[in-house]
*Asks:* 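Please find one structure pasted underneath; my questions will follow.
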Amino acid sequence: MKLLRYGPAGQEKPGLLDADGAIRDLSGVIPDLSGDALSPAVLAKIAALDPTSLPKVSGNPRLGPPVTGMKNLVCIGLNYADHAAETGAPIPKEPIVFLKSLNALSGPNDDVVIPRNSVKTDWEVELAIIIGTRAKYVSEENALDHVAGYAVGNDVSEREWQAERGGAWDKGKGFDTFGPLGPWLVTKDEIPDPQNLAMFCDVDGVRQQDGSTRTMIFGVKQVIAYVSQCITLNPGDVIFTGTPPGVGLGKKPTPVFLKAGQTMRLGIAGLGEQQQKLVASS
């Protein structure tokens, strides 16, 4: 299934994408895509519905993040061998874990705001894991039991704040709008192998990232198991799992960064595409 949330920011309703690409309203079935609504039992209940029995949503509404109510927006850094190489960083021996501010979360096609005085804002297409059941001290063997589904994420990053302003990555990653997610949550039954997904990111129509989850250093199972040792993962929590090569920071001979007026388009096989326009901070 492809589950989504649609409507104005802060007023989104849960929905389902039917076989014809139309949005069907789920608000009569679940209150929202959060908490217990992401459990295996509730997802099975939704899957058993006839989509044509649900109200059809007219027009072309805004899409919000496909999940809400999370307590943690976790990210994994330098998790692709080829991306580590382009930045000149050594291969991590353990996953590099950091957090994005929940204020960074935004809809898949919402504008991304370049922070005031920023000159090093960068793009990062990422596979996002959406947690469906509480995960604490889980094993790699059982890690996928806690997954509701997957989505496209854009781990937008301000590199000066990330690396040159005291060394705490969270600062460069947590600006408002720096976490576009969606367009939808694709349930895990539709993604049998999350380690074999093509992914891309274009800036102004030029392909910048063209990679695959095959080159992850720590795969989905490893990431969930590892993070659950130090952060209890709750239903609705999201893990951004790292980015393939092609980010602006890694461009040779000179890094390239985003400017107001530019457009990012990114996607992952089976998970859809998202697109954001860069705007200047007010």
Side-chain angles (χ1 to χ4, degrees), residues 1-5 12-17 24 26-49 51 64-76 79 94-95 97-102 104-105 108 126-153 155 179 181-197 213 216 218-242 268 270-272:
M1 293 184 294
K2 293 179 175 65
L3 304 175
L4 54 88
R5 298 173 65 250
E12 295 94 343
K13 295 181 179 181
L16 177 153
L17 197 72
R24 299 285 178 164
L26 277 174
S27 59
V29 181
I30 54 174
D32 211 337
L33 284 166
S34 62
D36 291 342
L38 299 170
S39 69
V42 176
L43 292 180
K45 175 184 175 182
I46 296 171
L49 296 171
V67 65
T68 189
M70 70 284 297
K71 295 181 179 179
N72 297 294
L73 185 51
V74 183
C75 300
I76 308 298
N79 195 29
E94 296 186 32
V97 179
F98 61 94
L99 300 174
K100 269 188 180 289
S101 164
L102 296 182
L105 194 70
E126 306 206 2
L127 172 67
I129 305 165
I130 298 174
I131 299 297
T133 59
R134 185 175 182 270
K136 183 178 179 66
Y137 296 128
V138 304
S139 65
E140 290 183 23
E141 180 182 6
N142 298 323
L144 295 187
D145 294 343
H146 298 275
V147 175
Y150 304 96
V152 181
D155 179 20
L181 186 69
W184 36 71
L185 180 166
V186 180
T187 50
K188 64 182 177 183
D189 57 292
E190 292 197 10
I191 308 296
D193 184 5
Q195 303 306 149
N196 189 28
L197 302 176
T213 57
M216 274 188 187
F218 306 102
V220 169
K221 294 179 181 180
Q222 291 171 289
V223 164
I224 295 169
Y226 186 90
V227 171
S228 78
Q229 308 304 307
C230 56
I231 299 172
T232 299
L233 297 168
N234 299 281
D237 283 356
V238 177
I239 306 175
F240 281 43
T241 59
I268 300 177
L271 300 180

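Everything numeric in this text was worked out from a predicted model, so none of it was measured.
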*Asks:* Would you indicate whether the side-chain heavy atoms of P194 and T213 approach each other to under 4.5 Å?
*Replies:* no
*Asks:* Check whether any side-chain heavy atom of I131 lies under 4.5 Å from a side-chain heavy atom of V67, and answer yes or no.
*Replies:*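 With C-beta onward as the side chain, the pair stays apart.
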*Asks:* With rounding to the nearest 0.5 Å, note down the distance linking CG in D155 to NZ in K100.
*Replies:*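 If I round to the nearest 0.5 Å, the distance is 4.0 Å.
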*Asks:* Which residues pass the side-chain contact (heavy atoms from CB on, under 4.5 Å) test with K188, not counting sequence neighbours?
*Replies:*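 Residues passing side-chain contact (heavy atoms from CB on, under 4.5 Å) with K188: V147, Y150.
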*Asks:* Between D36 and S39, does any side-chain donor sit less than 3.5 Å from a side-chain acceptor?
*Replies:*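 S39 and D36 do not have a side-chain donor-acceptor pair below 3.5 Å.
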*Asks:* Using atom types as modelled and distance alone, determine if a side-chain donor or acceptor of Q229 lies under 3.5 Å from a backbone N or O of V138.
*Replies:* yes
*Asks:* Check whether any side-chain N or O of E190 sits under 3.5 Å from a backbone N or O of M1 as a donor-acceptor pair, and report yes or no.
*Replies:* yes
*Asks:* Do I76 and V227 make a side-chain contact, defined as non-hydrogen atoms from C-beta onward lying under 4.5 Å apart?
*Replies:*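 Side-chain contact under 4.5 Å: yes.
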*Asks:* Would you say R24 and L49 make side-chain contact, with heavy atoms under 4.5 Å?
*Replies:*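 The answer is no, as the side chains (C-beta and beyond) never meet within the 4.5 Å cut-off.
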*Asks:* So do the side chains of L38 and L33 get within less than 4.5 Å of each other, counting heavy atoms only?
*Replies:*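 Side chain of L38 against side chain of L33, heavy atoms only: contact under 4.5 Å found.
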*Asks:* With rounding to the nearest 0.5 Å, note down the distance linking CG in L43 to CG in L185.
*Replies:*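 Rounded to the nearest 0.5 Å, the CG-CG separation comes to 7.5 Å.
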*Asks:* With sequence neighbours excluded, tell me which residues meet side-chain contact (heavy atoms from CB on, under 4.5 Å) with D189.
*Replies:*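 Per chain and number, D189 pairs via side-chain contact (heavy atoms from CB on, under 4.5 Å) with T187.
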*Asks:* Which heavy atom in G35 sits nearest to a heavy atom in P235, and how many Å separate them?
*Replies:* O-CB, 3.4 Å
*Asks:* Is there a side-chain contact between T241 and F218 (heavy atoms, below 4.5 Å)?
*Replies:* no
*Asks:* A quick test of your reading: do over 12 heavy atoms of other residues, nucleotides or ligands sit less than 6.0 Å from NZ of K2?
*Replies:* yes
*Asks:* Just so I know, are the side chains of L127 and L271 near enough to count as touching, which here means a heavy-atom distance under 4.5 Å?
*Replies:* yes
*Asks:* What closest approach, in Å, do P31 and P14 show between heavy atoms, and which atom pair accounts for it?
*Replies:*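 Heavy atoms of P31 and P14 come nearest at O-CD, 3.8 Å.
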*Asks:* Considering residues at least two apart in sequence or located in another chain, which fulfil the side-chain contact (heavy atoms from CB on, under 4.5 Å) criterion with E12?
*Replies:*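 By the side-chain contact (heavy atoms from CB on, under 4.5 Å) rule, E12 matches R5, A9, R62, P65.
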*Asks:* Taking atom CD1 of I239 and atom SG of C75, what is their separation to the nearest 0.5 Å?
*Replies:* 9.5 Å
*Asks:* Do you know which two heavy atoms are closest between G270 and I191, and how far apart they sit?
*Replies:* O-CD1, 4.3 Å
*Asks:* What are the two closest non-hydrogen atoms of A225 and A143, and how far apart are they?
*Replies:*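 Smallest heavy-atom distance, with atoms named: N-CB, 4.4 Å.
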*Asks:* Rounded at 0.5 Å granularity, tell me how far NZ in K136 sits from NE2 in H146.
*Replies:*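 K136 atom NZ to H146 atom NE2 measures 12.5 Å (nearest 0.5 Å).
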*Asks:* Drop me the distance from E140's CD to N142's CG, to the nearest 0.5 angstrom.
*Replies:*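 Here the rounded value is 10.5 Å.
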*Asks:* Quick one, I231 and V97 - any side-chain contact, counting heavy atoms below 4.5 Å?
*Replies:*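 Yes, their side chains come closer than 4.5 Å.
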*Asks:* Looking at Q195 and V220, what are the two nearest heavy atoms and their distance?
*Replies:*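 So the minimum-distance heavy-atom pair works out to OE1-N, 2.7 Å.
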*Asks:* Can you tell me how far the CD1 atom of I224 sits from the CG atom of D145, to the nearest 0.5 Å?
*Replies:* 9.5 Å
*Asks:* Please answer whether the main-chain N or O of D237 pairs with a side-chain N or O of N72 as donor and acceptor at a distance below 3.5 Å.
*Replies:*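 The answer is no, because no donor-acceptor pair under 3.5 Å joins these two groups.
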*Asks:* Tell me the closest heavy-atom pair linking P108 and G64, and the distance in Å.
*Replies:* CD-O, 3.6 Å
